[in-house]
Protein chains: 2
Amino acid sequence: MRPTVNDIAREAGVSLATVDRVLNARPGVREKTILAVNDAISKLGYVRDVAAANLARSRNYRMAVVLPDTESQFVQTLAEALKDAAATAAQTRMSVTLLRFPAEDMHALAAMLRNLEGQDVAGVALMAPETPVVRDAVRSLRMRDIPVVALVSDLPNTERDHYVGIDARASGRTAGMLMGRFLGARPARVMVIANSMLLRESIERRLGFDEVMLRAFPQVEVMQTLETHGSATTLRHVVAEMLANTGQVGGIYLLGTGHRALASTLSELGLLGHVVTIGHELTPHTRAALQSGQIDAVIAQNVGHLARSALRVLRAKADRTPIDESQETLRIEIIIRENLPPSHG
Amino acid sequence: MRPTVNDIAREAGVSLATVDRVLNARPGVREKTILAVNDAISKLGYVRDVAAANLARSRNYRMAVVLPDTESQFVQTLAEALKDAAATAAQTRMSVTLLRFPAEDMHALAAMLRNLEGQDVAGVALMAPETPVVRDAVRSLRMRDIPVVALVSDLPNTERDHYVGIDARASGRTAGMLMGRFLGARPARVMVIANSMLLRESIERRLGFDEVMLRAFPQVEVMQTLETHGSATTLRHVVAEMLANTGQVGGIYLLGTGHRALASTLSELGLLGHVVTIGHELTPHTRAALQSGQIDAVIAQNVGHLARSALRVLRAKADRTPIDESQETLRIEIIIRENLPPSHG
DNA sequence: GAAGATTTGAGGTACGTCCCTCAAAATGCT
DNA sequence: AGCATTTTGAGGGACGTACCTCAAATCTTC
């Protein structure tokens, strides 16, 4: 049988009230008594029954998840995963509010976060680029003891409590290694396409990619990043132009979105399936593209895991409970047609 | 506020006792009343507070995990992961007993499982090859309403409640695709090495591998499987012989264990790093081999996830609670040096 | 050693659910 | 209608913890 607070009281030779005061760090206990209780705790191997504790507290965890308001399939997929995770988390007295901010409007985001401070929010998960305004908002939340978890894109220069997501640089390296090996030994050129090189993630991925290419595949020339600014038309245009003016393009590395536009452009040029294409994130589009052979590999993070992990970490932070690192570390997944996971509705 | 059983009672116009009877499927309630209660439940969106329920039940789940008693690093790693998962699961009143059976002695295993029947075990997770004896033992457990979860290696022709692990055939296909792409366009031969081709897993992996090779890489010749029977000496011998008698060996596919022996053999022959090597499962050995470039890729399943998943599924089965498929589906992971996850102590 | 402050004990209620008992009410059957 | 049977209600104790109050015991300090 697991020891309870009563066992500790008996073992330490104090009353239940004192054990309770020690356990919950309430004042009015002598140092000596605190030590005696802690001794009993470790001697009996007592572990607080969190479920019972939360029941007694009848605590409700209101968590907020803040995502950019883009139509990007990845963000949509993530939002869905978060809803699922929230439904499950409801079983453990957690309620999750999903908020969206206009993607380019950092001040709107800051206002949103400031607003959250007023309400009794137990934690915030945030997917946003690191700008000064965001840094200030995060600091402000932390000052009020509200845990903040960075989602998908890290906020390394803020006081965020935790980052849930994969290392963008390492995922770029992974993409690079696959690209190099898939291209084979012959010299080739690789096109790199991004939405915007102002995004930390794109920069990091590209850095990782280049790192590996330079080191391991010197015969491959990686060209300058083409920016699409999220526009399919621009993507079509720059890709067609680049392909017309450059020979030996053997690979395309898509740092961000635009898989559909890329596939149709390649298809028009009769190149579909003849160029090694590697992208990021598993969405309905990339899934379909993998299945039909339009993409060769996708570097992804498991969004279901991401969502559950974010909520678990927020919860742990709110409870001031330790985090199981091995469970909360997301893996950089390499997905090809052969190991495509089932889609689950 | 979340609705409680009291709210349901009020809403349905019945007493607390009746709501309780319905919720816990106790007898002695008219069909009509059951419907009324269920209506109230769905109307109010009631979700049972599992924590409180378990507290009240003060139920202890004794789970047993049965693994073969091999020194294989994979099994060792899995055992470690299970211990970690068990430690965490202890927080939710679950205790896990880890049992080992002599790898080749199916009758010893059967006796072990029969012995479990006597004790009040709430569930069994089992990693074992599917033999008639095992089939009978599983059936017997199920007859006593003890849930059985197959671990790592499926038991498809038994009445096991669930399988936690990856599809061996699909992981063979994944290995095949990587092998083909890593080899490049030129013709080559691929050696396949297994411990024993009597193991279902080895067969399945090989089938998947061949499938892809035949379809997508006709220029590659996949040779007959060499069996090592777990002996490093045998491995050294057969590999050296095969390499001496066969030209153009560009790749080696290791279906089971033997990474260290293979590396040292290749090293002696001056071939280390010149042959595309693909193996299975992430263990300290394969991790080191990936890091040093001795292996090019490993097809793996996340053992931490595997362990947690097995315990969660057992728990759900014991509680007769639905399973979150998307959380319990293990992914076929492709691991190369660039996306090697951290080792976590 | 007395007054004051600090520390400890005893006891209670609550959280939401399970599970038990016993009596009361409703229903079915002849 | 009367009886047996089934269904329902009312109530209480338990699980392990949190949090509250009030009194008693123990320490300080002069």
Side-chain angles (χ1 to χ4, degrees), chain A residues 1-41 44-61 90-95 122 318-321, chain B residues 1-41 44-61 90-95 122 318-321:
Chain A
M1 262 297 149
R2 265 174 71 167
T4 73
V5 277
N6 286 292
D7 299 321
I8 298 178
R10 205 179 322 113
E11 178 72 26
V14 300
S15 75
L16 205 61
T18 302
V19 174
D20 180 68
R21 286 189 261 258
V22 173
L23 274 177
N24 297 292
R26 270 186 270 275
V29 186
R30 263 184 311 171
E31 198 58 38
K32 213 176 118 192
T33 317
I34 294 184
L35 285 176
V37 172
N38 282 329
D39 278 354
I41 287 177
L44 297 184
Y46 168 81
V47 195
R48 185 203 236 102
D49 184 328
V50 209
N54 283 329
L55 176 60
R57 259 191 267 254
S58 77
R59 174 163 185 185
N60 277 324
Y61 303 81
Q91 283 182 10
T92 58
R93 26 181 31 85
M94 247 171 82
S95 69
D319 280 342
R320 297 177 201 281
T321 293
Chain B
M1 263 294 148
R2 264 174 73 166
T4 74
V5 277
N6 287 292
D7 300 321
I8 298 178
R10 206 179 320 110
E11 178 71 26
V14 299
S15 77
L16 207 59
T18 301
V19 173
D20 180 67
R21 286 190 259 259
V22 174
L23 274 176
N24 296 291
R26 269 186 270 276
V29 186
R30 263 185 308 172
E31 198 57 37
K32 213 176 117 191
T33 318
I34 296 183
L35 286 176
V37 172
N38 281 329
D39 278 354
I41 287 176
L44 296 183
Y46 168 81
V47 197
R48 181 204 240 101
D49 185 327
V50 214
N54 284 330
L55 176 60
R57 259 191 268 256
S58 78
R59 174 166 183 183
N60 276 325
Y61 302 80
Q91 283 182 13
T92 57
R93 26 185 34 86
M94 245 170 83
S95 69
D319 280 342
R320 298 177 201 282
T321 292

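Chain naming here is simple, since letters A, B, ... match the order of the sequence lines and numbering starts at 1 in each.
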Nt span of DNA chain C in reach of chain B heavy atoms at under 4.0 Å, 5' end first, is C:dG16 to C:dT27
Could you walk me through whether B:Val22 and B:Asn38 pass the side-chain contact (heavy atoms from CB on, under 4.5 Å) test, one step at a time?
CA-CA 8 Å; B:Val22 174; B:Asn38 281 329; 4.1 Å; yes
Which residues in residues 22-35 of chain A have a heavy atom closer than 4.0 Å to any atom of DNA chain C?
A:Gly28, A:Val29, A:Arg30, A:Thr33
What residues from residues 47-56 of chain B pass a heavy-atom cutoff of under 4.0 Å to DNA chain D?
B:Leu55, B:Ala56
Relative to the 5' end of DNA chain D, which residue comes earlier, B:Thr18 or B:Arg57, by the nucleotide with the nearest heavy atom?
B:Thr18
Sorted by position of nearest nucleotide on DNA chain D, 5' first, the leading residue of A:Ala17 and B:Ala17 is B:Ala17
Starting at CZ of B:Arg21 and ending at P of D:dT6, how long is that distance when rounded to a whole Å?
14 Å
Could you state the interatomic distance from OG1 (B:Thr33) to CD (B:Glu31), rounded to the nearest 0.5 Å?
9.0 Å
Residues forming a side-chain contact (heavy atoms from CB on, under 4.5 Å) with A:Ala9, sequence neighbours excluded
A:Leu16, A:Val19
side-chain contact (heavy atoms from CB on, under 4.5 Å) with A:Leu35: which residues, sequence neighbours excluded?
none
Drop me the distance from B:Met94's CE to B:Asn60's CG, to the nearest 0.5 angstrom.
11.0 Å
Over how many whole Å does the gap from A:Leu44 atom CG to D:dG16 atom P extend?
14 Å
What integer distance in Å separates B:Leu16:CG from D:dG12:P?
13 Å
Any donor-acceptor pair under 3.5 Å from B:Arg2 side chain to A:Ala90 backbone
yes
Does the side chain of B:Leu23 come within less than 4.5 Å of B:Ile41's, by heavy atoms?
yes
Among all residues two or more places apart in sequence or in another chain, which pass the side-chain contact (heavy atoms from CB on, under 4.5 Å) test with B:Asp20?
B:Asn24, B:Arg26
Euclidean distance, atom CG of residue A:Asp7 to atom C1' of D:dC15 [Å, nearest integer]:
13 Å
Do B:Thr18 and B:Arg21 have side chains that get closer than 4.5 Å, going by heavy atoms?
yes
Between CG on residue B:Asn54 and CG on residue A:Leu55, distance to nearest 0.5 Å:
11.5 Å
How far does CG of A:Asp319 sit from CZ of A:Arg48, to the nearest 0.5 angstrom?
9.0 Å
